**Student:** 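Pasting in a structure now, in structure tokens, and then I'll have a few things to ask.
In what follows, every chain begins at residue 1, and chains take the letters A, B, ... in the order their sequences are listed. Note that the structure is predicted; figures quoted are calculated from it, not measured.
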Amino acid sequence: MDAVRVRFAPSPTGYLHIGGARTALYDWLLARKTGGQFILRIEDTDRSRLVADAVQDIKDSLRWLGLDWDEGPDVGGDAGPYFQSERLAVYHQYATQLVQTGKAYYCFCTPERLAEMRKKQEQAGEPSGYDRFCRELPAEEVEKKLAAGEQYVIRFKTPLTGQTKVHDELRGEMLFDHQTLDDFVVLKSDGFPTYHLASVVDDHLMGITHVIRGEEWIVSLPRHFLLYAAFGWEPPAFIHLPIFLAPDGKGKLSKRHGATGVSEFKAKGYLPEALVNFLLLLGWHPATDQEIFTLDEAVAAFSVERINTSPVNFSLDKLDWFNGIYIRKLSHEELAKRVLPFLQKDGLLPDPCPPERFAYLVRLMPLVQERIKLLSDISQAVGYFLREEIDPPAPELLLGKKGTVAETALLLTEAATVLEKVTDFNEENLEQTLRALAEKLQIKPGQLFMPVRVAVTGQTATPGLFELLAALGRERVLKRLKQAVAVLERAGAES
RNA sequence: GGUCCCAUCGUCUAGGGGUUAGGACACCGCCCUUUCACGGCGGCGGCAGGGGUUCAAAUCCCCUUGGGACUACCA
């Protein structure tokens with residue numbers, strides 16, 4: 001495929017949505033695969049819905065995912081500006097051109113009249129759409145209203161008859177009757193363009209060859225083809241991606257279905273590698289049955305032809321699996337780095353983190369790496385390592401299913417005694433010592449190990465006991481064993 | 001209501017005239033094992049329905065049904 005120019009054109013009305021992230025990913029992949037350009041364009045033409053931090057969140061999220069843009073905010077480019085709000089003169093020029101060539105007209109209808117019109121249409125069960133009240137206004141009247149400073153919009157003069165044939169790379173040709181289209185607004189009364197005008201003009205001016213966007217735009221395709229024809233321009237290739245449905249399959253994915261923003265996934269402890277891999281396979285499938293992809297591998301394997309057209313249920317199960325896979329791929333050092341902010345947020349490590357504490361964190365990584373699914377699981381997983389003391393475990397937890405208070409207290413006391421004497425407090429010695437103790441007490445190893453585990457961690461699910469004890473260090477182990485014995489003695493006295 | 005899109009296990013999907021309908025996640029079981037996890041092995045589970053076309057249909061066509069999108073001076 002020849003080098004391609006693609007754009008991701010989000011509207012800064014909120015954070016970067018997970019659906020938008022997939023669109024950006026496919027854009028980026030296509031650009032990288034063909035040696036073309038990936039352009040970021042901000043479609044800030046709706047002043048009323050503008051969100052202050054949105055652009056920052058979009059840029060941060062894109063970078064976090066590893067999707068760098070060749071032209072756009074912060075990096076510039078020859079086809080700018082890349083904020084539509086800075087291109088108003090351009091849209092005004094083309095809108096005016098449309099009017100002058102008889103392809104569009106001024107409309108002075110008030111929002112009130114439009115609302116009333118819609119109401120009547122609804123009541124009558126008629127198809128909705130502008131009733132073309134201003135379409136044939138005499139030129140003198142238009143001049144008069146304009147001169148009087150009346151508010152106006154510019155509407156496209158959709159042909160009354162005939163049809164427009166549109167083309168989508170995935171679905172092929174689609175036919176739309178002009179009768180089902182109305183005279184849509186291209187320039188709003190505040191001087192800003194609508195999406196239809198702005199995107200068509202910009203895509204043409206910026207030399208966009210492939211438009212990748214959500215399926216919800218298919219219905220608007222005929223308008224866009226009409227605009228291209230009106231300007232005498234060749235339309236780019238259109239690729240409409242299947243929309244994301246809510247996990248239950250009922251309706252479009254939205255905020256009420258949990259996290260939908262890329263930054264939320266980041267905050268929850270998902271790795272960008274995992275999110276990208278997950279998104280990659282949501283609507284696209286390689287020719288092989290490979291499932292794990294680096295960004296580079298994805299670039300090599302990606303092809304537009306293998307994008308799917310059926311709607312996708314956005315279910316998170318597989319994302320968790322991907323996250324585990326990628327967590328296990330990281331080096332101990334790198335994992336520690338990624339996990340650090342979560343520990344700092346939970347107050348388990350200071351910010352900044354002193355080197356020796358970080359080194360200890362790295363030392364802990366092999367113990368927990370295959371046990372956490374989310375980076376945010378880390379506090380639960382290493383809390384008892386990072387704290388000097390732990391809360392005394394509940395007696396029931398120490399006893400397990402069939403232990404008695406007296407027996408367990410004895411076990412733990414014995415354990416403390418032998419552990420105090422271990423010469424070198426390492427994994428191997430610890431295992432030898434404790435297995436020997438179990439044998440001496442004539443109990444199964446597990447009967448000894450579980451109470452010890454609970455005594456020193458407060459949890460029943462932990463990394464291997466001996467590596468854990470070694471990482472904890474003799475002092476804390478003994479202290480916690482004694483604390484547990486005290487808990488049991490107190491429980492024994494009470495009953 | 002109108003216009004348009006879509007339809008293979010619960011989910012993501014492969015398969016596009018002849019397959020025991022394949023894989024992954026999830027779930028269940030077994031193995032490994034001091035717990036948890038990882039890993040290994042196995043299992044459960046699907047072509048929405050009806051008509052055609054054809055020697056042969058998950059696959060092509062039509063209808064029905066179901067789901068979804070759009071229906072703004074939002075994108």
**Student:** At a heavy-atom distance below 4.0 Å, what parts of residues 440-452 of chain A sit against RNA chain B?
**Tutor:**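 Listed by number, they are A/Phe449, A/Met450.
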**Student:** Check the phosphate of B/C12 against A/Asn313, side-chain N and O only, distance under 4.0 Å to OP1 or OP2. Yes or no?
**Tutor:**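 Answer yes for this pair, as a side-chain N or O of A/Asn313 is under 4.0 Å from OP1 or OP2.
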**Student:** Mind checking what makes ring-ring contact (aromatic ring centres under 6.0 Å, His included) contact with A/Phe265, not counting sequence neighbours?
**Tutor:**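 Partners of A/Phe265 under the ring-ring contact (aromatic ring centres under 6.0 Å, His included) test: A/Tyr270.
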**Student:** Mind listing the N/O atom pairs, protein and nucleotides 2-7 of chain B, below 3.5 Å?
**Tutor:**
residue, atom, partner, partner atom, Å
B/C5, O2', A/Glu215, OE2, 3.1

**Student:** Does A/Arg49 make a side-chain N or O approach to OP1 or OP2 of B/A72 shorter than 4.0 Å?
**Tutor:**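 So the side-chain polar atoms of A/Arg49 never come under 4.0 Å of the phosphate oxygens OP1 or OP2 of B/A72.
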**Student:** Going by the rule side-chain hydrogen bond (donor to acceptor under 3.5 Å, both in side chains), which residues pair with A/Thr164 if we only count those two or more places apart in sequence or in a different chain?
**Tutor:**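 Residues passing side-chain hydrogen bond (donor to acceptor under 3.5 Å, both in side chains) with A/Thr164: A/His178.
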**Student:** Do the side-chain N or O atoms of A/Asn308 get closer than 4.0 angstrom to the phosphate oxygens (OP1, OP2) of B/A14?
**Tutor:**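 True: A/Asn308 side-chain N/O within range (under 4.0 Å) of B/A14 OP1/OP2.
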**Student:** Among residues 276-285 of chain A, which ones have heavy-atom contacts with RNA chain B below 4.0 Å?
**Tutor:**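 Residues of residues 276-285 of chain A under 4.0 Å from RNA chain B: A/Leu281, A/Leu282, A/Gly283, A/His285.
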**Student:** So, using ring-ring contact (aromatic ring centres under 6.0 Å, His included) as the criterion, who are the partners of A/Trp321 when residues are at least two apart?
**Tutor:**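 With sequence neighbours excluded, A/Trp321 shows a ring-ring contact (aromatic ring centres under 6.0 Å, His included) to no residue whatsoever.
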**Student:** Does a sphere of radius 6.0 Å around CZ in A/Arg113 hold more than 12 heavy atoms from other residues, nucleotides or ligands, not counting ones at 6.0 Å or beyond?
**Tutor:**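 Yes, because the 6.0 Å sphere around CZ of A/Arg113 holds more than 12 heavy atoms from other groups.
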**Student:** Determine the interplanar angle of the A/Phe278 and A/Phe314 rings, folded into 0 to 90°, and report it as parallel if under 30°, tilted if 30 to 60°, perpendicular if over 60°.
**Tutor:**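 Aromatic pair A/Phe278/A/Phe314 classed perpendicular.
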**Student:** At a cut-off of 3.5 Å, list every protein nitrogen or oxygen paired with a nitrogen or oxygen from nucleotides 31-33 of chain B, distance to 0.1 Å.
**Tutor:**
none

**Student:** If the cut-off is 4.0 Å, is A/Lys188 near the phosphate of B/C74, judged by side-chain N/O to OP1 or OP2?
**Tutor:**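 Yes, because at least one side-chain N or O of A/Lys188 sits under 4.0 Å from OP1 or OP2 of B/C74.
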**Student:** If you take atom types as modelled and just measure distance, does the side chain of A/Lys252 reach the base of B/A69 with a donor-acceptor pair under 3.5 Å?
**Tutor:**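 In this structure, the two groups form no donor-acceptor pair.
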**Student:** Does B/C73 have its OP1 or OP2 closer than 4.0 Å to a side-chain nitrogen or oxygen of A/Arg118?
**Tutor:**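 Indeed, a polar side-chain atom of A/Arg118 lies that close.
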**Student:** For B/G10, does either OP1 or OP2 sit under 4.0 Å from a side-chain N or O belonging to A/Ser315?
**Tutor:**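 Checking B/G10 against A/Ser315, no side-chain N or O comes under 4.0 Å of OP1 or OP2.
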**Student:** Do any pairs count as a salt bridge (Lys or Arg N to Asp or Glu O under 4.0 Å) and have a residue in residues 439-448 of chain A, sequence neighbours left out, and if so which ones?
**Tutor:**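 Sorted pair list: A/Glu414-A/Lys440.
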**Student:** Just the atom pairs and distances: protein N or O near nucleotides 46-49 of chain B's N or O, under 3.5 Å.
**Tutor:**
none

**Student:** Between A/His224 and A/Tyr195, what is the ring plane arrangement, given parallel below 30°, perpendicular above 60°, and tilted in between?
**Tutor:**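 A/His224 and A/Tyr195: tilted rings.
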**Student:** How would you list, by chain and number, every residue that makes a ring-ring contact (aromatic ring centres under 6.0 Å, His included) with A/His257, sequence neighbours excluded?
**Tutor:**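 Residues passing ring-ring contact (aromatic ring centres under 6.0 Å, His included) with A/His257: none at all.
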**Student:** With respect to the phosphate group of B/C38, does any side-chain polar atom (N or O) of A/Arg371 fall under 4.0 Å of OP1 or OP2?
**Tutor:**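 Negative; the distance criterion is not met.
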**Student:** If the condition is ring-ring contact (aromatic ring centres under 6.0 Å, His included), which residues does A/Tyr152 pass it with, not counting sequence neighbours?
**Tutor:**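 Only A/Tyr106 meet the ring-ring contact (aromatic ring centres under 6.0 Å, His included) criterion with A/Tyr152.
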**Student:** Could you work out, with side-chain hydrogen bond (donor to acceptor under 3.5 Å, both in side chains) as the rule, every residue matching A/Asp53, not counting sequence neighbours?
**Tutor:**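 None.
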